[in-house]
Amino acid sequence: MASTPLSVEQNEGLQPDDGKSTIRVILADSQAIFRAGLRKIFALEDDIRVVGQAETVAQTVAAVQKFSADILIFEAALTTSPADAVSDLLRQNVTCRLVVVLQEPDQEMTLELFRRGAHSIVSREVEPELLVDCLRKVAGGEPWLESRAIAWVLDAFRNQGLRPTGSRSKVQLTPKESLIVSCVTQGMKNKEIALRVGTTEQVVKNYLRKVYDKLGVADRLELALYCLNHRVVHNEVPPTPAEPTNGAAPAASAAAASGSNS
């Protein structure tokens with residue numbers, strides 16, 4: 001049976017009358033029924049529009065070159081080397097964000113795809129409303145993970161065996177910032193970090209806000225993903241001090257002190 005050619009929505013390129021930003025999506029999946037299902041789901045959303053489809057890697061490459069899209073939903077099973085395909089597709093279109101669909105949850109593949117630049121990895125069993133939320137988050141520049149994948153990312157730091165061998169980030173953290181980030185990547189809460197470092201929870205929050213600004217991340221998850229890709233810190237936990245001190249307090253005044261984001 002001949003391959004289905006690339007297709008595009010008739011109203012491709014139009015914007016909603018209310019001026020709301022449209023999330024333009026390319027569907028790349030070998031199963032026509034899965035593509036049809038996604039189109040039906042997205043048709044119910046005012047801000048999501050499918051602009052193109054593909055069912056092979058070659059068609060996918062052509063689609064990202066031809067269509068102006070915000071997100072590519074890419075089936076990992078289209079190729080025997082999904083991670084390499086992700087790298088290639090991102091080189092083809094640096095502005096298109098990738099949501100990779102796995103046949104079933106896979107910890108090793110999830111981590112590797114994120115290292116290669118995928119913005120989200122979901123399994124075929126993902127609930128429709130979660131996928132819609134995923135697209136909106138990714139279109140806004142945020143990574144999106146299912147809850148089990150978040151645990152896998154944190155486990156990657158605890159186990160240390162999955163850290164990449166690439167060069168370190170050019171962003172330099174102070175020793176205190178590095179210690180706090182190291183604690184975060186091991187799943188410690190602010191209260192626990194404060195006890196280990198010998199300061200207060202508020203000071204820890206201030207340091208984290210300053211680190212977020214330095215690295216261009218928004219929260220703990222993005223920080224973990226950034227560290228996973230860039231080897232920002234060694235995963236070392238400082239010894240518990242004999243007694244807490246407030247020595248870090250002056251440094252906190254230099255950090256952004258507004259709010260209490262953790």
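For the pair L102 and L113, the minimum side-chain heavy-atom distance is below 4.5 Å. In this structure the side chain of V25 reaches within 4.5 angstrom of the side chain of L135, judged on heavy atoms. Side-chain atoms of I41 and L131, non-hydrogen and from C-beta on, never get closer than 4.5 Å to each other. A heavy-atom distance below 4.5 Å is found between the side chains of L208 and N190. Taking 4.5 Å as the limit, some side-chain heavy atom of L78 sits within range of a side-chain heavy atom of T60. By the 4.5 Å heavy-atom criterion applied to side chains, S68 and R24 are counted as neighbours. Contact of the I48 side chain with the V132 side chain is registered, since non-hydrogen atoms from C-beta on lie closer than 4.5 Å. Using a 4.5 Å cut-off on side-chain heavy atoms (C-beta onward), D29 and I73 make no contact.
Taking each heavy atom of D47 and S21 in turn, the nearest pair found is CB-O, 3.8 Å. Here the closest non-hydrogen pair linking Q92 and V64 is CB-CG2, 3.9 Å. Between C134 and S120 the shortest heavy-atom distance is SG-OG, 3.3 Å. Taking every heavy atom of both residues into account, F34 and V101 meet most closely at CZ-CG1, 4.3 Å. Between A83 and E112, the closest heavy-atom pair is CB-CG, 3.8 Å. For the pair R220 and M188, the tightest heavy-atom approach, listed with the atom from each and the gap, is NH2-O, 3.2 Å.
Between the side chain of Q59 and the backbone N or O of E55 there is at least one donor-acceptor pair closer than 3.5 Å. In terms of modelled atom types and a separation under 3.5 Å, the side chain of T110 and the main chain of D106 share a donor-acceptor contact. Between the H119 side chain and the L98 main chain, a donor and an acceptor come within less than 3.5 Å of each other.
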As a quick check of understanding, evaluate side chain to side chain contact (heavy atoms under 4.5 Å, CB included) for I180 and V211, giving each step before the final call.
CA-CA 9 Å; I180 290 174; V211 169; over 6 Å; no
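We find the OH-CG distance between Y207 and L179 to be 10.0 Å, quoted to the nearest 0.5 Å. To the nearest 0.5 Å, atom CH2 of residue W152 and atom CE of residue M109 are 11.5 Å apart. Atoms CG and CD1, from L89 and I26 in turn, are 9.5 Å apart once rounded to the nearest 0.5 Å. In this structure, CG on L195 lies 8.0 Å from CD on E201, to the nearest 0.5 angstrom. One finds the CG atom of D70 at 13.5 Å from the CZ atom of R136 (value rounded to the nearest 0.5 Å). Atom CZ in F67 sits 12.0 Å away from atom CG in L72 (nearest 0.5 Å).
For residues 73-83, the pairs satisfying salt bridge (charged side-chain N to carboxylate O under 4.0 Å, His left out) are E75-R124, with sequence neighbours left out. Within the structure, salt bridge (charged side-chain N to carboxylate O under 4.0 Å, His left out) pairs that include any residue of residues 81-104 comprise D84-R116, D88-R91 (at least two apart or interchain).
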Atom pairs and distances, side-chain donor-acceptor, residues 137-150, under 3.5 Å, sequence neighbours left out:
from	atom 1	to	atom 2	distance (Å)
W144	NE1	D133	OD2	3.2
E146	OE1	S123	N	3.3
R148	NH2	E125	OE2	2.8

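Atom CG of L44 has more than 12 neighbouring heavy atoms from other residues, nucleotides or ligands inside a 6.0 Å radius.
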